[in-house]
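What you see below is based on every heavy atom in this structure, not just the backbone, and it leaves out hydrogens, waters and symmetry mates.
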Amino acid sequence: MAFTRVLALCFLALVGSAQCGSVKNPFVIRSGTSFASRPYSSLLTVPNGEQFGLWTWPEMCPDNFFAVGFSLRVETNQYGGDDTALNGIRLFCGQNGDRIQTQPSTGPFSGPTRLWTDPQWCPSGTLVSFQLRVETHRGMFGDDTAVNNIRFRCSSNPTLEGQGMPWGDYSHWSPECSEGGICGIETKMEPYQGGLDDSALNDVRFHCCSRGGQ
């Protein structure tokens, strides 16, 4: 599949500004700058997101593009240190064989133990629903990790599971996009706590867009 169009879409939520990493292609833009006003038909949510952090700006695929794959930013097991598990989600948007590749954001939750996993793709069709694996609040003296992993269902029916961490449990699937597919993302991220317990990504919701108009 030809990568004839490449844009950088930053799908990370941190309070304050986030910067896209550099890429060789000179035509690199942040999706929130150009596509945040794209209309959408519905919003997918699940009931088991955690409580910490704030909702950030929506990041949308360009018009007539839909999410066809994803990658996760995951902190590995800290073995007694402060675990944060899932730190970020990026979507890959496609249209008629072209894919628009997202680019990692930078921020306080960066470092050698927080890595982007290999992309996973729908064999055909688009991402249409999701399910979160969440560890519930551990109390005042526990180590909160909040969201640990995510599953997506493709319109062609396969289920894709991210390469996240094992803590917590999956809850209910979200509703499905009625037509078209997922076209945007909003994340709820707890900012860096300055040496206290960090939980990073606490919740996520996805925008659905329909084909041929909204």
- Would a hydrophobic clustering, with Ile, Leu, Val, Met, Phe, Trp and Tyr connected at side-chain separations under 4.5 Å, put Val147 with Val204?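 Yes, Val147 connects to Val204 through the hydrophobic network.
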- Message: Check for me, please, whether Val128 and Leu132 land in the same ILVMFWY cluster - side-chain distances under 4.5 Å, paths through other members count.
- Response: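 Different hydrophobic clusters.
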Min side-chain heavy-atom separation [X]-[Y] under 4.5 Å:
{"X": "Leu43", "Y": "Glu186", "answer": "yes"}
{"X": "Asn149", "Y": "Leu72", "answer": "yes"}
{"X": "Glu59", "Y": "Arg90", "answer": "no"}
{"X": "Ser42", "Y": "Ser178", "answer": "no"}
{"X": "Asp118", "Y": "Ser71", "answer": "no"}
{"X": "Asn87", "Y": "Leu201", "answer": "no"}
{"X": "Tyr170", "Y": "Asn48", "answer": "no"}

So how far is it from [X] [atom1] to [Y] [atom2], rounded to the nearest 0.5 Å?
{"X": "Glu161", "Y": "Phe152", "atom1": "CD", "atom2": "CZ", "answer": "11.5 Å"}
{"X": "Gln131", "Y": "Ser171", "atom1": "CD", "atom2": "OG", "answer": "7.5 Å"}
{"X": "Thr117", "Y": "Arg73", "atom1": "OG1", "atom2": "CZ", "answer": "11.5 Å"}
{"X": "Glu75", "Y": "Leu115", "atom1": "CD", "atom2": "CG", "answer": "10.0 Å"}
{"X": "Ile185", "Y": "Ile89", "atom1": "CD1", "atom2": "CD1", "answer": "4.5 Å"}

For the residue pair [X] and [Y], what are the closest heavy atoms and their distance?
{"X": "Ser210", "Y": "Ser41", "answer": "N-OG, 4.1 Å"}
{"X": "Gly53", "Y": "Lys188", "answer": "O-CE, 3.4 Å"}
{"X": "Gly162", "Y": "Gln120", "answer": "CA-NE2, 3.5 Å"}
{"X": "Phe206", "Y": "Leu91", "answer": "CE2-CD2, 4.0 Å"}
{"X": "Arg38", "Y": "Pro62", "answer": "NH1-O, 2.6 Å"}
{"X": "Ser124", "Y": "Ser156", "answer": "O-OG, 2.7 Å"}

Please check this pair: side chain of [X] against backbone of [Y], looking for a donor-acceptor N/O pair closer than 3.5 Å.
{"X": "Thr45", "Y": "Arg205", "answer": "no"}
{"X": "Asn202", "Y": "Phe52", "answer": "yes"}
{"X": "Ser155", "Y": "Thr126", "answer": "yes"}

- Query: Any chance the SG atoms on Cys61 and Cys93 come in under 2.5 Å?
  - Reply: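 Taking the criterion (SG atoms under 2.5 Å apart), Cys93 and Cys61 satisfy it, so yes.
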- Would you say the SG of Cys208 sits less than 2.5 Å from the SG of Cys177?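 Yes - the two cysteines, Cys208 and Cys177, have SG atoms within less than 2.5 Å of each other.
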- Task: Please step through side-chain contact (heavy atoms from CB on, under 4.5 Å) for the pair Val46 and Trp173, ending with a clear verdict.
- Result: CA-CA 7 Å; Val46 290; Trp173 281 92; over 6 Å; no
- With sequence neighbours excluded, residues passing salt bridge (charged side-chain N to carboxylate O under 4.0 Å, His left out) with Arg133: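 Checked Arg133 against salt bridge (charged side-chain N to carboxylate O under 4.0 Å, His left out); zero matches.
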- Passes side-chain contact (heavy atoms from CB on, under 4.5 Å), Leu160 versus Cys122? Steps please. CA-CA 8 Å; Leu160 307 177; Cys122 290; 4.3 Å; yes
- Message: Could you check whether Phe130 and Phe70 have their ring centres less than 6.0 Å apart?
- Response: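 Aromatic pair excluded; centres sit 6.0 Å or further apart.
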- Query: Within 45° of the axis and under 6.0 Å from the centre of the six-membered ring of Phe66, does NZ or CZ of Arg211 qualify?
  - Reply: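 Relative to the ring axis of Phe66, which defines the angle, Arg211 lies inside both limits.
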